[in-house]
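Let me begin by presenting the structure, written as structure tokens, before commenting on it.
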Amino acid sequence: MKEEIIVRKAEKEDVRQIAEILVEDWQKAYRGIIDSDFLDSMSVDQRYEIEVKRYQKYVVATDGNEILGYAWLEMTEDEAADCEIIALYVRYSKRNNGIGKRLFQNAVRYFRESGKKKMIIWCLKGNDEARRFYEEVGGKEFRTDSHNWGGKDYDMISYVYDLG
């Protein structure tokens with residue numbers, strides 16, 4: 001019997017699975033976009049040590065004991081937006097099942113209830129799958145920038161959403 005997907009605040013016990021999702025997602029989705037040496041150097045233990053310090057800012061989608069995906073939500077002071085989804089990842093084997101959309105909709109609801117008006121999300125410019133998703137849920141291309149991982153700069157693109 002399939003359990004219902006629940007979106008809730010992340011708990012410390014979720015962090016190991018969050019780290020697993022992040023490493024697997026980066027190593028699969030960003031292959032060919034981000035340098036392979038950097039991707040291959042990522043480890044779940046290393047990510048756990050990073051994510052355990054900020055998991056209180058995350059919401060997770062779960063169907064019982066398994067974390068299916070997560071989103072990192074922040075209030076911002078950006079001139080373009082007053083809130084941001086910093087990360088939104090779905091377990092690679094569970095993609096295309098509406099989990100990302102549930103996490104996204106939860107973030108929008110949370111930000112609206114917090115009185116926020118404009119949301120922004122950034123992704124790698126070469127990540128066509130993520131870009132299609134952000135456009136399908138109503139994002140408008142806003143601006144480009146770059147981010148450095150492993151000593152190399154990568155092109156990023158942002159999408160904005162009117163929450164009003």
Side-chain angles (χ1 to χ4, degrees), residues 4-11 14-15 17-34 39 47 50-51 53-63 66-149 152-164:
E4 182 184 348
I5 295 171
I6 306 241
V7 177
R8 61 166 172 78
K9 291 199 71 61
E11 300 170 358
D14 301 327
V15 177
Q17 289 187 69
I18 288 168
E20 291 168 358
I21 291 168
L22 185 142
V23 170
E24 178 189 39
D25 199 71
W26 275 58
Q27 290 178 337
K28 290 184 176 180
Y30 297 163
R31 188 75 58 190
I33 301 172
I34 290 183
L39 295 175
R47 288 313 307 185
I50 294 167
E51 304 308 321
K53 295 174 185 162
R54 58 185 179 210
Y55 73 90
Q56 301 94 333
K57 299 176 181 194
Y58 297 172
V59 293
V60 295
T62 179
D63 69 351
E66 183 180 21
I67 304 301
L68 306 172
Y70 73 98
W72 174 1
L73 311 179
E74 286 280 356
M75 307 302 178
T76 64
E77 296 296 326
D78 188 286
E79 71 275 4
D82 54 9
C83 56
E84 179 174 1
I85 298 177
I86 300 219
L88 193 156
Y89 294 108
V90 174
R91 194 175 291 278
Y92 211 78
S93 64
K94 303 291 185 178
R95 286 181 169 199
N96 300 311
N97 287 305
I99 298 162
K101 193 169 279 186
R102 290 277 304 274
L103 286 164
F104 183 88
Q105 291 167 341
N106 177 274
V108 168
R109 187 171 44 256
Y110 169 73
F111 288 138
R112 279 185 178 142
E113 289 171 359
S114 300
K116 300 303 178 182
K117 302 292 183 216
K118 273 231 193 281
M119 181 177 76
I120 193 166
I121 190 163
W122 287 87
C123 74
L124 283 159
K125 200 167 188 180
N127 187 348
D128 295 334
E129 182 183 11
R131 292 184 65 181
R132 274 192 303 277
F133 174 79
Y134 296 136
E135 290 166 10
E136 285 172 13
V137 293
K140 305 286 182 246
E141 285 185 28
F142 181 63
R143 68 175 177 232
T144 58
D145 204 344
S146 65
H147 193 86
N148 188 290
W149 285 287
K152 294 187 179 178
D153 288 333
Y154 296 94
D155 291 332
M156 304 287 290
I157 188 162
S158 64
Y159 290 88
V160 294
Y161 301 83
D162 186 357
L163 303 179

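Index from 1, following the sequence.
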ask   = Taking Tyr134 for the side chain and Glu141 for the main chain, is one N or O donor matched with an acceptor at less than 3.5 Å?
value = no
ask   = Are the side chains of Val60 and Arg8 in touch, meaning some heavy atoms are under 4.5 Å apart?
value = yes
request  = Kindly say whether Lys118 contributes a backbone atom to a donor-acceptor pair with the side chain of Asp82 at under 3.5 angstrom?
outcome  = yes
message = So Tyr70 and Asp14, do their side chains get closer than 4.5 Å, heavy atoms only?
response = no
task = Look at the aromatic rings of Trp26 and Tyr89 and report parallel, tilted or perpendicular, splitting at 30° and 60°.
result = tilted
ask   = Do Glu51 and Tyr58 have side chains that get closer than 4.5 Å, going by heavy atoms?
value = yes
ask   = To the nearest 0.5 Å, how far apart are CD1 in Ile6 and CG in Leu68?
value = 11.0 Å
request  = For the residue pair Tyr110 and Lys116, establish whether any side-chain heavy-atom pair is separated by less than 4.5 Å.
outcome  = no
ask   = Are any side-chain N or O atoms of Glu84 and backbone N or O atoms of Thr76, one a donor and one an acceptor, separated by less than 3.5 Å?
value = no
request  = Work out which heavy atom in Glu66 is nearest to a heavy atom in Thr62; give both atom names and the distance.
outcome  = O-OG1, 3.0 Å
note = Of all heavy-atom pairs linking Tyr159 and Cys123, the shortest is CE1-SG, 4.2 Å
ask   = Would you find a donor on one side and an acceptor on the other, under 3.5 Å apart, between the side chain of Arg131 and the backbone of Lys125?
value = yes
request  = Any chance you could measure Leu124, atom CG, to Met156, atom CE, to the nearest 0.5 Å?
outcome  = 5.0 Å
key: Minimum-distance pair of heavy atoms, taken over all atoms of Ile33 and Gly126   = CD1-O, 3.3 Å
request  = Quick one: list whatever passes side-chain contact (heavy atoms from CB on, under 4.5 Å) with Val160, sequence neighbours left out.
outcome  = Ile120, Lys140, Phe142
key: Salt-bridge contact Arg132-Glu136 (side-chain N to carboxylate O under 4.0 Å)   = no
ask   = Is atom NZ of Lys101 surrounded by more than 12 heavy atoms (other residues, nucleotides or ligands) closer than 6.0 Å?
value = no
ask   = Would you say the side-chain atoms of Arg47 pair up with the backbone N or O of Val23, donor to acceptor, closer than 3.5 Å?
value = no
message = Quick check against the 3.5 Å criterion: does Asp162 have a side-chain atom that pairs as donor or acceptor with the backbone of Gly164?
response = yes
request  = Specify the closest pair of heavy atoms between Leu103 and Ala71, including all atoms of both residues, with the distance to one decimal.
outcome  = CD2-N, 4.2 Å
note = d(Asn148 CG, Tyr154 OH) to nearest 0.5 Å is 8.0 Å
task = Taking all non-hydrogen atoms of both residues into account, name the closest pair between Leu163 and Cys83 and its distance.
result = CD1-SG, 3.7 Å
inquiry  = As an exercise, state the distance from CD1 of Ile86 to CG of Leu73, rounded to the nearest 0.5 Å.
reply    = 9.0 Å
request  = Using the six-membered ring wherever Trp is involved, compare the ring planes of Phe133 and Phe104 and label them parallel, tilted or perpendicular (cut-offs 30° and 60°).
outcome  = perpendicular
ask   = What's the spacing between Met119 CE and Met75 CE if we round to 0.5 Å?
value = 11.5 Å
ask   = Is any side-chain heavy atom of Arg143 closer than 4.5 Å to a side-chain heavy atom of Trp122?
value = yes
query = Taking all atoms of both residues into account, what is the closest heavy-atom pair of Ala61 and Ile99, and its distance?
reply = CB-CG2, 3.7 Å
Partner of Asp25 under salt bridge (charged side-chain N to carboxylate O under 4.0 Å, His left out), chosen from Arg95, Arg91, Arg31 = Arg95
